[in-house]
K.L.:
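Below is one structure. I have some questions about it.
Small disclaimer: the values here were computed from a predicted structure and weren't measured.
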Amino acid sequence: QVQLVESGGGLVQAGGSLRLSCAASERTFSTNSMGWFRQAPGKEREFVAAINWSGKIVKYADSVKGRFTISRDNAKNTVYLQMNSLKPEDTAVYYCNRVPATTIVSALDAWGQGTLVTVSS
């Protein structure tokens, strides 16, 4: 199983930005598609963004399209989520995970601890 460690969350005002990071333990990270997910209080976990192994194919949930950017650095076994123009409804715990493909955004590994993003109005 790949171990995933998310970081970069925090408290930000609406309209602000944050960059999340996800470090993976697996040496084969560079061959996997990766995804970001989030879970807001009282809601189910939902898909946010995904990126293929090369970084050339990305997919976003409609709710974040145009505001969030997913990227990766395979040399560092790390995937990033740049979040701009944040809204209070983006408040959630954010998680990363391996996914089968950018078109099949189901999680393959156990969830990490996530990183909390709180957007104040």
Side-chain angles (χ1 to χ4, degrees):
Q1 279 251 333
V2 178
Q3 291 188 333
L4 304 160
V5 179
E6 301 91 346
S7 62
L11 173 63
V12 63
Q13 288 189 331
S17 299
L18 281 174
R19 188 174 86 149
L20 307 183
S21 299
C22 169
S25 64
E26 180 60 52
R27 288 186 298 171
T28 59
F29 169 86
S30 62
T31 64
N32 296 133
S33 293
M34 295 293 296
W36 281 98
F37 301 79
R38 67 186 181 186
Q39 186 168 20
K43 295 187 177 181
E44 298 209 347
R45 190 155 17 213
E46 65 176 2
F47 165 75
V48 174
I51 188 168
N52 81 323
W53 69 272
S54 70
K56 293 182 179 180
I57 301 174
V58 296
K59 178 180 177 179
Y60 297 96
D62 288 343
S63 59
V64 307
K65 206 171 290 183
R67 300 188 298 121
F68 290 10
T69 302
I70 189 171
S71 62
R72 67 190 297 160
D73 185 338
N74 288 339
K76 295 182 179 180
N77 280 10
T78 301
V79 62
Y80 304 98
L81 186 67
Q82 177 66 45
M83 306 186 296
N84 298 329
S85 302
L86 282 162
K87 305 175 180 179
E89 51 263 44
D90 294 319
T91 294
V93 178
Y94 284 72
Y95 304 86
C96 66
N97 213 307
R98 288 191 303 149
V99 295
T102 55
T103 54
I104 308 173
V105 289
S106 56
L108 294 176
D109 297 304
W111 296 103
Q113 84 287 352
T115 187
L116 176 62
V117 172
T118 304
V119 184
S120 63
S121 57

K.L.:
Is there side-chain contact between Pro100 and Leu108, with heavy atoms separated by less than 4.5 Å?
P.N.:
yes
K.L.:
What pairs with Thr31 under side-chain contact (heavy atoms from CB on, under 4.5 Å), at least two apart in sequence or on another chain?
P.N.:
Thr28
K.L.:
Ala14 and Pro88: which non-hydrogen atoms are nearest, and at how many Å?
P.N.:
CB-CD, 4.1 Å
K.L.:
CD1/Ile57 to OG/Ser33 distance, rounded to the nearest 0.5 angstrom?
P.N.:
8.0 Å
K.L.:
Closest approach of Val119 and Thr91, non-hydrogen atoms and distance?
P.N.:
N-OG1, 2.9 Å
K.L.:
Do Trp36 and Leu18 share a hydrophobic cluster, counting only Ile, Leu, Val, Met, Phe, Trp and Tyr and linking them when any side-chain heavy atoms are less than 4.5 Å apart?
P.N.:
yes
K.L.:
Which pair of non-hydrogen atoms, one from Arg38 and one from Ser63, has the smallest distance, and what is that distance?
P.N.:
NH2-OG, 3.5 Å
K.L.:
Mind checking the OG-CD spacing from Ser121 to Gln13? Nearest 0.5 Å is all I need.
P.N.:
9.5 Å
K.L.:
To the nearest 0.5 Å, what is the distance between CD1 (Ile51) and NZ (Lys56)?
P.N.:
11.5 Å
K.L.:
What pairs meet the ring-ring contact (aromatic ring centres under 6.0 Å, His included) rule with one or both residues in residues 92-120, with sequence neighbours excluded?
P.N.:
Phe37-Trp111, Tyr95-Trp111
K.L.:
Establish whether Val117 and Leu4 are linked, either directly or via other cluster members, by ILVMFWY side-chain heavy-atom contacts under 4.5 Å.
P.N.:
yes
K.L.:
Measuring from atom OG1 of Thr102 to atom CZ of Phe47, what distance do you get when rounded to the nearest 0.5 angstrom?
P.N.:
8.0 Å
K.L.:
For the CD atom of Glu44 and the CD atom of Gln39, what is their distance to the nearest 0.5 Å?
P.N.:
8.0 Å
K.L.:
Does NZ belonging to Lys65 count more than 12 external heavy atoms closer than 6.0 Å?
P.N.:
yes
K.L.:
Taking CD in Glu89 as the centre, count heavy atoms belonging to other residues, nucleotides or ligands within less than 6.0 Å. Is the count above 12?
P.N.:
yes
K.L.:
Are Leu86 and Leu20 connected into the same hydrophobic cluster when the rule is that any two of I, L, V, M, F, W, Y join if their side-chain heavy atoms are below 4.5 Å apart?
P.N.:
yes
K.L.:
Any side chain to side chain donor-acceptor pair (under 3.5 Å) involving residues 66-77? Give me the pairs, sequence neighbours left out, ordered by first then second residue.
P.N.:
Arg67-Asp90, Arg72-Asn74
K.L.:
How close do Ala24 and Phe29 get, counting heavy atoms only, and between which atoms?
P.N.:
CB-CD1, 3.5 Å
K.L.:
Please check if Phe68 and Val79 belong to a single hydrophobic cluster, counting links between Ile, Leu, Val, Met, Phe, Trp and Tyr side chain heavy atoms closer than 4.5 Å.
P.N.:
yes
K.L.:
Give the minimum heavy-atom separation between Ser120 and Leu11, together with the two atoms involved.
P.N.:
CB-CD1, 4.4 Å
K.L.:
Which pair of non-hydrogen atoms, one from Ser21 and one from Thr78, has the smallest distance, and what is that distance?
P.N.:
CB-CG2, 4.2 Å
K.L.:
With a 4.5 Å cut-off on side-chain heavy-atom distances among I, L, V, M, F, W and Y, is there a chain of contacts connecting Val99 to Tyr60?
P.N.:
no
K.L.:
At what distance, to the nearest 0.5 angstrom, does SG of Cys22 lie from CD of Glu6?
P.N.:
5.0 Å
